[in-house]
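One structure below.
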Amino acid sequence: MAQSVYIPRLTRGALKVWRRNWDVFFKTYQVNFLPPFIEPILYLLAIGFGLGMFVGEIDGVPYVEFIAPALVAISIMNSAFFECTYSSFVRMYYQKTFDAMIATPLALDEVIAGELLWGATRSFIYSSVMLAVLIAFGVVDLPLSLFILPFSFLAGLLFAGIAMCFTAITPGIDALNYPSFLFITPMFLFSGTFFPLDVLPGGLQIFARGFLPLTQVVTVTRSLTLSDLSPYFLYSIGWISVLTVLFFFVSIHLMKRRLIV
Amino acid sequence: MDATTPIIDAQDLSKTFGSFVAVNNISFSVFPGEVFGFLGPNGAGKTTTMKMIQCVSPKSGGSLKVFGREAGIYQRSIKKRLGVVPQETNLDTEFTCFENLLVYSRYFGIPKQEATGRIEELLRFVQLEEKRDVLIERLSGGMKRRLVLARALINNPDLLVLDEPTIGLDPQARHLIWEKLKVLQAQGNTIVFTTHYLEEAERLCNRLVIMDEGKILVEGSPADLVSGHVGSDIVEAEHTPEVIACIENMGVSYEVFGDMVQIFTDNPREVAKSLFDTCNPGHVFARRGSLEDVFLKLTGRALKD
Ligand SMILES: Nc1ncnc2c1ncn2[C@@H]1O[C@H](COP(=O)(O)OP(=O)(O)O)[C@@H](O)[C@H]1O
Ligand SMILES: [Mg+2]
């Protein structure tokens, strides 16, 4: 017993769970594909070009090119995070989808792993669409920007794992608003997204570099879209990799604690 | 596995949630080809017991073997051979009937070709072939329950576990489910199900246990339980002092429920006759004994919520 708590039983079963979500997504693709398409265009026009008129350049980079990689990073964060909080919670609590799945040979570990992989896949899908828009606007460098595609899956998996931890401990769906407002929204603003971290007070800067996942993701996407690989790039990739693995297992563990009673 | 090896064997099985005891040291065995029922009011511990059998909830004490294997250890190999109808319908609302079964078949690793044939067959069996490509939200409650039943059969299970299969359905829809379960029973399937509908237990079970507050009160076939605990028939009369005095004189066993006196007997005519002859009983009413009476006698409460 004690053993099964800590060692997730993962087989290809997780892919069947992933496939179920994939099938649902493409059944309703009309509603699913429009947002990632429209959103970056709005941001580019309003903030990139509009606000950019007054900002001009940041560190010698036109403002619109400065925020373009941040838009991708934010979309990676949002798609996995909201998928594995609100949507996973609905499947778990209201639709009882997890219950249906674990009545088959699938173990709960595989169900959660499948959900996490799906969250990462959503990040991949959304950021791919977004990247296409950014390429069309000519605000990102090629070919390095294409590495965002595999990277979006890794970073998506990180946010999926973090999100699943919240889902595992939340008392109800409304309480998920707390991580959304207190964790996601501040990151959205203070991760070197719309202005460089250097302008923040020293303490906050260290906090953002050390603890905010979005900071790492923005660092990576920006290095790629500007073809400018600084040492921070490697640090961020390492940071993301380690925490992705950590949250993957912790979230499965917390979910088992919640659901296997 | 021969007919004497139980499909399910539970000994002193218990389940606690914190300090609350939901299932309290129950023992029972289910044999191949049996339809075995758990009858009891809400909160009796039926669902908790089913979840332990399904290997999705670990037991707190005792032993539980399914197909001869420890349920807490061999979850995957046991679950492969189970068909489960949960108390709460949990179909994928985004999918059609066909898609629901197809997605579910993947969880069992059934190749698509094989699954497709089987799904058509199962949709026919539960009379949903016309709803094949209809979204779940367009189905009635009874149709959804039948689809869940079909889903439970997708892997040709060796044991069907049904938790309140007809809960919340109107009589007609319930009859249709019973009909299907009768067919499955006739085919020799082993079925375990829970219910708080007495009629359902009486109609379907070969054997059942009556549960209350986590304990098994009695076990047996419906007919044996009725004749053993309340006699084949029941005579009801108004509860008045004269009637009581008179019954005491007759030396038969009786019980008082509110404004009624119930006399348990295998001889309803005689009892009714002597009541009329000697004690001026007002209304007298004779009927067959039922599992409800067994429950009432054992707990002093009615089964219904
Ligand atoms: N996860 C749980 N945590 C705490 N109590 C529970 C849990 N599941 C069931 N119970 C309690 O255990 C008792 C038996 O529940 P259940 O098995 O669902 O009864 P039944 O299916 O017979 O209606 C009830 O009092 C219920 O409130
Ligand atoms: Mg129940």
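Convention: sequence-line order gives letters A, B, ...; per-chain numbering from 1. Heavy-atom basis, side chains included; hydrogens, waters and symmetry copies ignored.
- For a residue to count as touching a neighbouring chain, one of its non-hydrogen atoms must lie under 4.5 Å from one of that chain's; by this rule Ser57(B) touches chain A with backbone and side chain alike.
- No salt bridge links Glu94(B) with Arg91(A); every basic N to acidic carboxylate O contact stays at or beyond 4.0 Å.
- Heavy-atom contacts from other residues, nucleotides or ligands closer than 6.0 Å to NZ of Lys46(B) number more than 12.
- No part of Lys51(B) comes within reach of chain A, as not one of its non-hydrogen atoms sits under 4.5 angstrom from that chain.
- Counted within 6.0 Å of OH on Tyr93(A), heavy atoms from surrounding residues, nucleotides or ligands total 12 or fewer; the atom is thus considered open.
- When atom types are taken as modelled, the side chain of Tyr107(B) and the backbone of Ile102(A) share no donor-acceptor pair closer than 3.5 angstrom.
- Counting non-hydrogen atoms of other residues, nucleotides and ligands closer than 6.0 Å to NZ of Lys180(B) gives a total above 12.
- Residues forming a side-chain hydrogen bond (donor to acceptor under 3.5 Å, both in side chains) with Thr47(B) (at least two apart in sequence, or on another chain): Gln87(B), Asp163(B).
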Give the C-alpha distance, both sets of side-chain angles, the deciding distance and a yes or no for side-chain contact (heavy atoms from CB on, under 4.5 Å) between Asp23(A) and Phe95(B).
CA-CA 9 Å; Asp23(A) 287 352; Phe95(B) 291 137; 3.8 Å; yes

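- Shown here is Tyr94(A), whose OH atom has more than 12 heavy atoms of other residues, nucleotides or ligands within 6.0 Å.
- Judged by distance alone, with hydrogens and angles left aside, the side-chain atoms of Arg106(B) form no donor-acceptor pair with the main-chain N or O of Lys16(A) at under 3.5 Å.
- Within the 4.5 Å cutoff, the side chain of Lys27(A) has heavy atoms near those of the Leu135(B) side chain.
- Taking every heavy atom of both residues into account, Gln95(A) and Asn90(B) meet most closely at O-CB, 3.5 Å.
- A donor-acceptor contact shorter than 3.5 Å links the side chain of Lys79(B) to the backbone of Thr104(A).
- At least one side-chain heavy atom of Thr97(A) sits under 4.5 Å from a side-chain heavy atom of Asp92(B).
- The pair Arg20(A)-Glu99(B) does not count as a salt bridge, with every side-chain nitrogen at least 4.0 angstrom from each carboxylate oxygen.
- With a threshold of 4.5 angstrom between heavy atoms, Val103(B) approaches chain A through side-chain atoms but not through N, CA, C or O.
- Annotation for Lys80(B): atom NZ does not count as buried by contact number, only 12 or fewer foreign heavy atoms lying within 6.0 Å.
- Within a 6.0 Å sphere centred on CZ of Arg257(A), heavy atoms belonging to other residues, nucleotides or ligands number 12 at most.
- Between Pro58(B) and Ile260(A), the closest side-chain pair of non-hydrogen atoms falls below 4.5 Å.
- Taking every heavy atom of both residues into account, Tyr104(B) and Ala103(A) meet most closely at OH-CB, 3.8 Å.
- Counting non-hydrogen atoms of neighbouring residues, nucleotides and ligands closer than 6.0 angstrom, the CD atom of Glu129(B) exceeds 12 such neighbours.
- Remark: Phe183(A) CZ is packed, more than 12 non-hydrogen atoms of other residues, nucleotides or ligands lying under 6.0 Å away.
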